[in-house]
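What you see is a predicted model, and the numbers here were worked out from it, not measured in a lab.
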Amino acid sequence: MYQLIAFDMDGTLLNSRKQILPKSRNAVAKAAQAGAVVILNTGRCLAELGEYLQALPEIRYVNCASGAMVYDVRERKALYSRLLGTEKVRRILELGALEQAMPNLLLEESIVQKSHWERIEEFGMGAYKDTYERVATMWEDIAGEYGRNPFPAAKVNLYHRNRESRERTIQRIRSGGPEVSMALGEAASLEMSEQGVDKGAGLRMLCGHLSIPLERTIVVGDADNDREAMKAAGLAVAMGNAAASVRAIADAVVADCDHDGCAEAVERYLFWDSTPERV
C-alpha cells in the first residue's frame with residue numbers, strides 16, 4: 001500500500017476554473033481516513049493556499065513554492081525552507097524588466113505589481129486574475145519597493161508575453177545570470193528557485209521527516225515543475241491534460257482536471273501494492 005499521495009494544484013487538484021471538484025474532495029477525505037498522508041505539492045505559496053486548505057482539513061503538510069518550503073499546517077511552522085538570496089532576487093527582477101515581464105515574488109505572501117495585475121491577460125495569466133485580487137499583496141512599484149526593503153524569496157515567477165520573450169530570459173540566465181533552478185509554466189512563465197530546489201527536493205525532505213520511503217509515494221501532476229517530484233516518487237501519475245514532457249515520464253495517466261483525474265488516481269492506485277505497466 002502506498003503511504004503518501006501528493007497532488008499538484010493548478011491543472012491537477014484544481015479544475016480549469018480553479019475549483020476542487022466534489023469527487024476529488026471526497027477522494028482526499030477517503031485517502032486520509034484510510035491512513036494515507038495527503039499533501040499539496042504545489043508552486044503556490046501559503047497565501048495562495050489558504051482558501052483551499054480550509055476546504056481540505058485532512059491536509060497537514062504542504063510542499064509549496066515548488067519545493068522551497070515544506071510547511072506543517074497544523075503546527076503553523078516551516079519544517080524546511082531554502083530561499084533565494086536578495087542579490088539573486090534583484091537580478092531576476094532586472095532580467096524581467098528587460099522583457100517587460102510581470103514578476104511575482106513568493107515567500108509566505110504572493111506579491112505582484114498592481115499595474116501588471118490590471119493587465120494580467122497580456123501575460124497569459126488571465127485565469128488567475130480573481131485569485132490575485134483575493135490573496136495577493138499588490139505593490140505600486142515592485143522593483144522599487146523591493147530595492148528599498150529586500151528580503152529572501154522562496155520563488156520568483158516571471159510571466160512573459162510570449163515564449164520567445166521567455167526564451168530570451170532563459171538564455172540570459174544561462175549565459176551569466178544568477179544560478180537558479182528554472183521550470184516552465186503556464187503559457188510563457190518562468191519559475192525560478194534557489195539552485196537545487198524543486199518539488200522533488202521538498203518531497204524527499206518531507207518523506208525523511210515522516211519516515212516514509214519514497215517508493216511508497218504517489219505524485220500526481222501535469223506541468224514541468226512536477227517532473228522532479230514525479231521522478232522521485234514510487235508512482236508517477238500524469239493528468240490527462242498534462243504536458244507531453246510530463247506524460248513521457250509517467251507510470252500512469254488519469255482523466256484530466258475537469259473530469260476527476262485526482263479521484264481516479266486515489267481509486268485506482270493509492271491502495272494497490274503493484275505498479276501499473278508504464279504508459
Side-chain angles (χ1 to χ4, degrees), residues 8-11 14 18 40-49 62-69 81-86 88-139 142-143 145-146 150-163 165-170 172-173 177-195 197-199 202 221-228 243:
D8 169 54
M9 292 293 289
D10 297 283
L14 302 183
K18 307 304 175 187
L40 300 183
N41 191 51
T42 177
R44 291 179 176 234
C45 69
L46 291 172
E48 297 167 336
L49 295 176
V62 294
N63 182 24
C64 60
S66 296
M69 181 180 292
S81 64
R82 191 166 171 214
L83 308 179
L84 288 161
T86 57
K88 288 188 178 182
V89 176
R90 282 195 184 100
R91 183 63 180 138
I92 291 169
L93 292 175
E94 290 171 357
L95 292 172
L98 293 176
E99 292 296 327
Q100 298 184 326
M102 172 183 172
N104 177 204
L105 303 179
L106 297 95
L107 188 54
E108 292 191 7
E109 290 182 289
S110 177
I111 301 168
V112 297
Q113 184 167 299
K114 185 178 179 181
S115 62
H116 290 149
W117 169 78
E118 290 170 344
R119 312 190 318 273
I120 198 169
E121 294 84 0
E122 295 178 21
F123 305 97
M125 295 292 289
Y128 295 86
K129 190 165 190 176
D130 291 343
T131 298
Y132 280 126
E133 185 175 24
R134 292 195 307 274
V135 306
T137 300
M138 295 197 191
W139 288 357
I142 195 166
E145 292 188 43
Y146 184 82
F151 55 86
K155 187 172 70 160
V156 181
N157 297 331
L158 291 179
Y159 304 125
H160 297 76
R161 286 179 169 81
N162 53 62
R163 293 182 180 181
S165 178
R166 178 176 65 185
E167 184 60 28
R168 289 192 292 270
T169 298
I170 291 171
R172 289 182 182 116
I173 291 171
E179 294 184 343
V180 294
S181 292
M182 294 185 284
L184 309 182
E186 303 302 331
S189 71
L190 181 63
E191 302 179 1
M192 282 156 287
S193 308
E194 182 55 80
Q195 192 172 35
V197 169
D198 53 49
K199 289 185 182 181
D222 73 304
D224 186 58
N225 68 3
D226 295 311
R227 286 169 49 85
E228 297 306 317

*What closest approach, in Å, do I92 and P178 show between heavy atoms, and which atom pair accounts for it?*
CG1-CG, 4.0 Å
*asked:* Quick check against the 3.5 Å criterion: does Y146 have a side-chain atom that pairs as donor or acceptor with the backbone of F151?
replied: yes
*Between D226 and G221, which heavy-atom pair has the shortest distance, and what is it?*
OD2-CA, 3.5 Å
*Closest approach of N104 and S110, non-hydrogen atoms and distance?*
ND2-OG, 3.1 Å
*Any donor and acceptor pair, going by atom type alone, linking the side chain of E179 with main-chain N or O of Q195 inside 3.5 Å?*
no
*Could you walk me through whether V156 and V180 pass side chain to side chain contact (heavy atoms under 4.5 Å, CB included), step by step?*
CA-CA 10 Å; V156 181; V180 294; over 6 Å; no
*Working to the nearest 0.5 Å, report the span between CD of E191 and CG of D198.*
11.5 Å
*asked:* Run E48 and L106 through side chain to side chain contact (heavy atoms under 4.5 Å, CB included) and show every step you take.
replied: CA-CA 10 Å; E48 297 167 336; L106 297 95; 3.6 Å; yes
*asked:* Taking the side chain as everything from C-beta on, heavy atoms only, tell me whether M138 gets closer than 4.5 Å to V112.
replied: yes
*What are the two closest heavy atoms between I173 and L95, and how far apart are they?*
CG1-CD1, 3.6 Å
*Verify whether one side chain among T137 and E109 offers a donor that lies under 3.5 Å from an acceptor in the other.*
yes
*So, the side chain of K129 versus the backbone of I120: is there a donor-acceptor pair under 3.5 Å, distance only?*
no
*Nearest-0.5 Å distance that lies between atom CD in E99 and atom CZ in R168*: 4.0 Å
*If you measure from OG on S189 to CG on L184, what distance do you get to the nearest 0.5 Å?*
7.5 Å
*asked:* Can you tell me if K114 has over 12 outside heavy atoms packed within less than 6.0 Å of its NZ?
replied: no
_T169 OG1 to L98 CG distance, which is reported to the nearest 0.5 Å_ = 7.5 Å
*asked:* Between the side chains of D8 and K199, is the shortest nitrogen-to-carboxylate-oxygen separation below 4.0 Å, so that they form an ion pair?
replied: yes
_Main chain of P152, side chain of T86: is a donor-acceptor contact present, judged purely on distance under 3.5 Å?_
no
*At their closest point, which heavy atom of L93 faces which heavy atom of L105, and how far apart are they?*
CD2-CD2, 4.2 Å
*Given side chain to side chain contact (heavy atoms under 4.5 Å, CB included), test T131 with R44 step by step and report yes or no.*
CA-CA 11 Å; T131 298; R44 291 179 176 234; 3.9 Å; yes
*For Y159 and E122, what are the C-alpha separation, side-chain angles and deciding distance, and is it a side chain to side chain contact (heavy atoms under 4.5 Å, CB included)?*
CA-CA 9 Å; Y159 304 125; E122 295 178 21; over 6 Å; no
*Is there a donor-acceptor pair under 3.5 Å between the side chain of R163 and the backbone N or O of A187?*
yes
*asked:* Show the nearest heavy-atom pair for residues N225 and S66, with the distance to one decimal.
replied: ND2-OG, 3.5 Å
*How about Q100: does its CD atom have over 12 heavy atoms from other parts shown lying under 6.0 Å from it?*
no
*What distance do I170 atom CD1 and M192 atom CE have between them, rounded to the nearest 0.5 Å?*
8.5 Å
_Taking A183's backbone N and O only, do any of them form a donor-acceptor pair with R227's side chain (distance below 3.5 Å, no angle check)?_
no
